[in-house]
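Take a look at the structure set out below.
Values below: every heavy atom of this structure, side chains too, minus hydrogens, waters and symmetry copies. Proteins come first, then strands; the chains are lettered A, B, ... in the order of their sequence lines, and each starts at number 1.
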There are 2 protein chains.
Amino acid sequence: MRMSRTDAARNRERVVRTASEQFREHGYDGVGIAALMQAAGLTNGAFYKQFASKEALMAEATEQALAANAAAWDEVLARAGDDPLQAVAQWYLSDPHAGHRGPGCTYAALAAEAPRHDDPVRRAFDEGLRRTVGQIEAAAGDGEEAALRFLARLVGALTLARAVSDPELAARILSANAAADAPT
Amino acid sequence: MRMSRTDAARNRERVVRTASEQFREHGYDGVGIAALMQAAGLTNGAFYKQFASKEALMAEATEQALAANAAAWDEVLARAGDDPLQAVAQWYLSDPHAGHRGPGCTYAALAAEAPRHDDPVRRAFDEGLRRTVGQIEAAAGDGEEAALRFLARLVGALTLARAVSDPELAARILSANAAADAPT
DNA sequence: CAACTGGGATGACGATCATAATCTAAATTT
DNA sequence: AAATTTAGATTATGATCGTCATCCCAGTTG
C-alpha cells in the first residue's frame with residue numbers, strides 16, 4: 001500500500017543506513033537486495049521504486065557510511081586533549097572498533113572492494129578521503145602528506161588486525177600502531 | 001578422461017595458482033567455481049575431485065598468494081641498496097603495483113574480506129604476516145613494532161590509492177607514503 | 001592382459017542473485 | 001468526491017551460485 005511522502009522518504013533513508021552497515025559488515029557482494037530490504041523492514045519489491053540499481057545504492061550507502069565515520073572522528077577529536085592524533089589512533093585501533101565492522105571505518109571495510117565498482121562508488125571514497133585528511137590536518141597541522149601517512153597506517157593496521165586468526169597477533173598489530181607519532 | 005597422477009597434480013596446482021590471482025583481482029565472492037575452473041582450462045566437474053569446498057580452495061589460494069608475495073619481497077630486498085625499506089616502499093607503492101591487483105599484494109586485495117571467512121583462510125594471513133614481518137625485521141633491524149607500522153602503512157596506502165577515483169589523489173597517497181622512514 | 005581406479009566432462013540440483021511486471025490501496029491532486 | 005499517482009507487497013524472470021551424481025575412459029595395479 002502507498003505510504004505518505006515523508007514515510008517513504010524515511011523508509012528510503014532507513015534502507016541507505018541499513019545498507020551502509022550491512023555492506024561494511026558483509027561486503028558489497030555479501031548482501032543481496034532481498035536480505036537488505038528485510039533487514040530494513042521491507043521487501044524486495046520496494047527497492048526499485050527507490051533506487052535505480054544495487055550499484056546506485058552502494059554509492060549512496062558508501063557516502064552515508066563515510067559521513068557517519070567523519071562525524072565519529074569529529075566527536076573523538078572534540079573530546080581529545082593536547083594530542084588529538086594520539087586520541088584518534090587509540091580509539092580507532094581499539095578492540096571495540098576492530099570487533100565491530102558494521103558501524104566502523106568504511107575504508108578498512110570496503111576500500112579494498114571499491115576498485116571493482118563503478119565511478120559513483122569510488123567518487124564517494126574520493127570525497128570521504130579528502131574530508132578525513134582535512135580533519136587530520138586541522139587537528140595536527142602537519143600538512144597533507146603527514147595526514148595521508150597517518151591515515152594509511154591506521155587503515156592498514158585495522159585491516160590486518162581484523163584479518164588474522166590469532167588474537168594475540170592482532171593485539172600486537174593494534175598496539176604497535178596505536179602510537180600516533182611513531183616513526184616508520 | 002582420466003589423467004596421469006602427475007598431470008592431475010599439475011592441474012590442481014594450476015587451479016590454486018589461478019584462484020590466487022582471480023581472488024585477488026575480483027575478491028573471494030567475485031569469482032565462482034565455474035569461471036575459476038574455466039580460467040584454469042578445466043570445467044566445474046573437476047573441482048570437487050580436488051577440493052573439499054570453495055572455502056578450502058580459498059585457504060590454499062591465499063597461502064599460495066602470500067607465498068608468491070613473500071618471494072617478490074625477497075627479490076626486491078635482494079636488489080636493494082643500503083636502504084632496503086625505501087626500496088620496498090617505492091616498489092610496493094609504484095603505479096604498476098597499484099594497477100595490477102591480481103598478481104599484487106594479498107593483504108591489500110583480500111585482508112579486508114578475511115574476517116568474514118573460516119579459520120583456515122585467516123590462519124593463512126597469520127602465517128603470511130609473520131613471514132612478512134620477519135622479512136622487514138631482517139632487512140631493517142628495527143624490531144617487530146616498527147615492522148608492523150611499516151607494513152600497515154604500505155597496505156593502507158595501496159588500498160586507499162586503489163579505491164579513489166581521482167588519479168591525482170591516488171598519486172598523492174602513494175607518494176606521501178613512499179618515503180620509508182617518514183614520521184607519522 | 002584383465003581388473004580396477006579415479007580425474008575430468010556433462011548436466012542437474014535447489015538456492016539465491018539482481019531486476020522487474022503486476023496488483024493493491026492509500027496518499028495526493030484535481 | 002472523483003481522478004490520479006505511487007510506495008510497497010507479491011510473484012516471476014533468467015542467470016548464476018556452490019555442490020554433486022553420473023558417466024566415461026585412460027592411467028594404474030594385479
Side-chain angles (χ1 to χ4, degrees), chain A residues 1-20 22-62 110 113-114 116-121, chain B residues 1-20 22-62 110 113-114 116-121:
Chain A
M1 53 296 209
R2 180 165 180 188
M3 304 256 102
S4 78
R5 287 210 198 298
T6 58
D7 281 357
R10 205 188 345 262
N11 283 348
R12 196 198 136 97
E13 191 198 324
R14 193 173 65 250
V15 170
V16 174
R17 204 169 46 239
T18 303
S20 90
Q22 295 269 306
F23 285 149
R24 275 180 280 179
E25 182 148 10
H26 303 108
Y28 290 123
D29 296 345
V31 49
I33 302 294
L36 176 67
M37 287 292 113
Q38 195 169 3
L42 299 169
T43 61
N44 13 342
F47 182 80
Y48 287 91
K49 294 290 168 66
Q50 297 278 16
F51 304 96
S53 65
K54 184 185 181 182
E55 191 81 23
L57 171 67
M58 283 165 40
E60 269 194 65
T62 303
L110 292 173
E113 301 185 25
R116 303 196 298 264
H117 294 284
D118 294 350
D119 223 48
V121 171
Chain B
M1 51 290 205
R2 182 168 176 184
M3 305 257 102
S4 79
R5 286 209 198 299
T6 58
D7 281 356
R10 205 185 349 258
N11 283 348
R12 195 198 137 97
E13 192 199 324
R14 195 174 63 251
V15 170
V16 174
R17 206 170 42 241
T18 302
S20 89
Q22 295 269 305
F23 285 149
R24 275 179 280 178
E25 182 149 11
H26 303 109
Y28 291 122
D29 296 345
V31 49
I33 302 293
L36 176 67
M37 288 291 114
Q38 195 169 2
L42 298 169
T43 60
N44 12 340
F47 183 81
Y48 287 91
K49 293 293 168 64
Q50 298 279 18
F51 303 96
S53 63
K54 185 185 182 182
E55 190 82 22
L57 171 66
M58 283 166 39
E60 269 195 64
T62 303
L110 292 173
E113 301 186 24
R116 302 197 298 263
H117 294 284
D118 294 351
D119 223 47
V121 171

Atom [atom1] of [X] and atom [atom2] of [Y]: how far apart are they, to the nearest 0.5 Å?
X: Met58(A); Y: Leu110(A); atom1: CE; atom2: CG; result: 8.5 Å
X: Tyr48(A); Y: Met37(A); atom1: OH; atom2: CE; result: 9.5 Å
X: Leu42(A); Y: Asn11(A); atom1: CG; atom2: CG; result: 5.0 Å
X: Gln22(B); Y: Gln38(B); atom1: CD; atom2: CD; result: 10.5 Å

Going by atom types alone, do Ser20(B) and Arg24(B) pair a side-chain donor with an acceptor below 3.5 Å? yes
Of the nucleotides dC20(D), dA25(C), dG8(D), which one has an atom closest to the side chain of Tyr48(B)?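 For Tyr48(B), the side-chain atoms sit closest to dC20(D).
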When you measure from the side chain of Met3(A), which nucleotide among dA7(D), dG7(C), dT10(C) comes out closest?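 When the side chain of Met3(A) is considered, dA7(D) is the closest of dA7(D), dG7(C), dT10(C).
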I'd like to know if Arg2(A) reaches the base of dA27(C) with its side chain such that a donor and an acceptor end up less than 3.5 angstrom apart.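 Checked by distance alone, the answer is yes.
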Nearest heavy-atom neighbours spanning Phe23(B) and Lys54(B):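 Reported closest heavy-atom pair: CE2-CE, 4.1 Å.
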Which heavy-atom pair separates Val15(A) from Ala40(A) by the least distance, and what is that distance?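 Looking at all heavy atoms of both residues, the closest pair is CG2-CB, 4.0 Å.
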Separation of [X] atom [atom1] from [N] atom [atom2], in whole Å?
X: Arg10(B); N: dG8(C); atom1: CZ; atom2: P; value: 11 Å
X: Lys49(A); N: dA26(C); atom1: NZ; atom2: C1'; value: 14 Å
X: His117(B); N: dG18(D); atom1: NE2; atom2: P; value: 11 Å
X: Ile33(B); N: dT10(C); atom1: CD1; atom2: C1'; value: 17 Å
X: Leu36(B); N: dT19(D); atom1: CG; atom2: P; value: 12 Å
X: Asn44(A); N: dA9(D); atom1: CG; atom2: P; value: 9 Å
X: Met37(A); N: dC17(C); atom1: CE; atom2: P; value: 13 Å
X: Phe51(B); N: dG7(C); atom1: CZ; atom2: C1'; value: 13 Å

Taking the side chain as every heavy atom from C-beta outward, state whether [X] and [Y] have any pair of such atoms under 4.5 Å apart.
X: Arg10(A); Y: Met3(A); result: no
X: Leu36(A); Y: Leu57(A); result: yes
X: Arg12(B); Y: Phe51(B); result: yes

So does [X] get a side-chain nitrogen or oxygen closer than 4.0 Å to the phosphate oxygens (OP1/OP2) of [N]?
X: Gln50(B); N: dG8(C); result: yes
X: Asn11(B); N: dG8(C); result: yes
X: Arg5(A); N: dT29(C); result: yes

Would you classify Val31(B) as touching base, sugar-phosphate or nothing, given that sugar-phosphate means primed atoms plus P, OP1 and OP2, and contacts are heavy atoms under 4.0 Å? sugar-phosphate
Touch class at under 4.0 angstrom, heavy-atom based, for Gly32(B) against every strand present: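 If one applies the 4.0 Å heavy-atom cut-off, Gly32(B) turns out to touch the sugar-phosphate alone, with no base involved.
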Can you list every stem that DNA chain C is part of, counting only runs of 3 or more consecutive Watson-Crick or G-U wobble pairs with both distances under 3.5 Å? C:1-12 with D:19-30, C:14-17 with D:14-17, C:19-30 with D:1-12
Those residues of residues 52-62 of chain A lying under 4.0 Å from DNA chain D by at least one heavy atom: none
